[in-house]
Amino acid sequence: MNHVEIEKKGRIAVVRFDRGTAANPLSIRLMRELTETARQFEEDAQTSAIILSGRADNFTFGFDLKDPETRALLDMPLDQRRIAIAQGKRMCRAWEDLPQLTISAIEGWCVGGGVALTVATDLRVAGAQAVFNVPEIERGMNMSWGSVPRITNLVGPARAKRIILLAEKVPAEQAVAWGLADHVTATGQAVDRARDQAELAAAMPPVALTMGKQAINAYANALAETACHADFDQFALAIGSEDGVEGIASFLEKRAPRFKGR
């Protein structure tokens with residue numbers, strides 16, 4: 001079943017993903033769909049801006065820990081596990097590398113892998129009730145998918161540590177103040193506000209817009225791959241550790257985790 005829809009109008013495209021549940025989690029299958037969706041736009045010279053949206057109630061609660069493919073990671077040989085785990089990084093890179101201006105429209109919760117995906121886009125518009133949360137470390141894992149340098153570029157190292165290490169929840173207004181989001185709007189209006197930004201991009205000369213984005217990203221991300229080249233290997237190690245298994249189990253069982261540093 002396809003969980004991604006694309007709507008095009010003029011030089012603007014809106015991409016919506018919906019798993020059919022309020023949590024709207026990122027299964028490995030959905031991540032493949034979002035990766036392939038991004039790649040459809042790689043050579044699309046007729047589109048200047050792309051809006052990425054989750055559900056109207058929540059963007060996404062992040063990586064789907066209940067997904068059978070996710071649970072199967074623990075039983076895979078290391079070579080297969082590395083390939084499977086790298087899917088999130090491939091998805092975020094596909095969105096970051098697009099020549100068009102990309103804008104995430106965020107309503108409700110944007111958690112973990114959802115944050116990783118949104119910071120791979122150029123801009124973020126948040127509804128008034130939106131909340132950003134990165135709980136990976138408190139669940140015994142690491143924040144990966146190439147997101148650590150992207151978050152640090154946006155908010156600076158101290159706030160990145162509060163977001164990633166301490167799992168502080170960041171509501172919409174604070175996200176804008178910190179630089180994690182660019183605009184806050186009334187609840188339910190994130191896509192419409194994102195469309196305003198997209199229309200500005202669509203009115204620009206398309207080649208100059210693309211070259212400008214490439215120049216900014218080349219400077220901002222010059223050392224990004226150096227900083228995060230092994231984050232999916234770190235995830236493979238963390239998710240298979242005793243603390244990683246305990247972090248997932250305690251989340252699914254809705255209890256406090258008992259970490260042992262093993």
Side-chain angles (χ1 to χ4, degrees), residues 24-26 51-54 58-63 88-89 91-93 95-97 101-187 190 193-194 197 213 215-232 234-235 238 243-244 247 251 257 259:
N24 204 23
L26 293 168
I51 299 167
L52 177 63
S53 172
N58 292 301
F59 188 77
T60 176
F61 273 51
F63 192 33
K89 190 168 189 174
M91 172 186 68
C92 292
R93 174 60 66 84
W95 279 90
E96 182 177 59
D97 287 347
L101 185 77
T102 53
I103 309 167
S104 293
I106 301 148
E107 300 283 359
W109 285 93
C110 180
V111 179
V115 177
L117 178 55
T118 64
V119 297
T121 62
D122 298 311
L123 301 174
R124 284 147 297 282
V125 175
Q129 299 302 312
V131 180
F132 297 81
N133 179 220
V134 177
E136 270 68 9
I137 285 182
E138 69 178 355
R139 293 179 186 165
M141 296 174 279
N142 70 305
M143 187 58 173
S144 57
W145 300 3
S147 62
V148 172
R150 294 180 186 123
I151 293 172
T152 305
N153 277 346
L154 291 171
V155 305
R159 286 169 174 166
K161 290 169 186 174
R162 291 171 65 180
I163 293 168
I164 297 169
L165 304 184
L166 303 182
E168 287 193 24
K169 297 177 178 64
V170 185
E173 292 283 0
Q174 184 177 335
V176 172
W178 280 15
L180 188 59
D182 299 281
H183 302 280
V184 62
T185 189
T187 298
R193 184 68 178 88
Q197 296 292 292
K213 170 176 172 171
I216 294 168
N217 281 2
Y219 178 80
N221 301 332
L223 296 176
E225 186 60 25
T226 300
C228 67
H229 74 281
D231 67 4
F232 67 98
Q234 295 169 345
F235 187 85
D243 279 354
F251 169 73
F259 294 130

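The structure presented is a predicted model; accordingly, all values stated were derived computationally and were not measured. Atoms considered below: every heavy atom in the structure, side chains included; atoms not considered: hydrogens, waters and symmetry mates.
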In Å and rounded to the nearest 0.5 Å, what is the [atom1] to [atom2] distance from [X] to [Y]?
{"X": "Leu117", "Y": "Leu26", "atom1": "CG", "atom2": "CG", "value": "6.5 Å"}
{"X": "Leu123", "Y": "Ile51", "atom1": "CG", "atom2": "CD1", "value": "10.5 Å"}
{"X": "Leu180", "Y": "Arg159", "atom1": "CG", "atom2": "CZ", "value": "10.5 Å"}
{"X": "Met143", "Y": "Ile151", "atom1": "CE", "atom2": "CD1", "value": "4.5 Å"}
{"X": "Thr152", "Y": "Ile164", "atom1": "OG1", "atom2": "CD1", "value": "5.0 Å"}
{"X": "Phe251", "Y": "Arg139", "atom1": "CZ", "atom2": "CZ", "value": "4.0 Å"}

Quick check: does any side chain N or O of [X] sit under 3.5 Å from a backbone N or O of [Y], one acting as donor and the other as acceptor?
{"X": "Glu173", "Y": "Val184", "value": "no"}
{"X": "Asp231", "Y": "Trp145", "value": "yes"}
{"X": "Asn24", "Y": "Gly54", "value": "no"}
{"X": "Arg124", "Y": "Thr118", "value": "yes"}

Listed partners of Asp243 passing salt bridge (charged side-chain N to carboxylate O under 4.0 Å, His left out), at least two apart: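 Counting only residues at least two positions away or on another chain, Asp243 forms no salt bridge (charged side-chain N to carboxylate O under 4.0 Å, His left out).
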Any side-chain heavy-atom pair from [X] and [Y] closer than 4.5 angstrom?
{"X": "Phe132", "Y": "Ile163", "value": "no"}
{"X": "Arg162", "Y": "Val155", "value": "no"}
{"X": "Asn153", "Y": "Asn221", "value": "yes"}
{"X": "Glu138", "Y": "Phe259", "value": "no"}
{"X": "Thr187", "Y": "Glu107", "value": "yes"}
{"X": "Lys213", "Y": "Thr102", "value": "yes"}

Nearest heavy atoms of [X] and [Y], plus distance in Å:
{"X": "Gly114", "Y": "Phe59", "result": "O-CE2, 3.9 Å"}
{"X": "Ala194", "Y": "Ile103", "result": "O-CD1, 3.5 Å"}
{"X": "Cys92", "Y": "Ala120", "result": "O-CB, 3.4 Å"}
{"X": "Gly112", "Y": "Pro135", "result": "N-CD, 3.8 Å"}
{"X": "Ser147", "Y": "Ala116", "result": "CB-CB, 3.8 Å"}
{"X": "Ile106", "Y": "Ala130", "result": "O-CB, 3.8 Å"}

CD of Glu168: more than 12 outside heavy atoms within 6.0 angstrom?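 Enclosed.
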Around Leu223, counting heavy atoms of other residues, nucleotides and ligands shown, do more than 12 lie under 6.0 Å from its CG?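 Count not over threshold, so no.
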Hits for side-chain hydrogen bond (donor to acceptor under 3.5 Å, both in side chains) against Gln129, two or more places apart or cross-chain, chain-then-number order -> none
Lys/Arg-Asp/Glu bridge criterion (N-O < 4.0 Å) met for Glu225, Lys89: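 Answer for the salt bridge query: yes.
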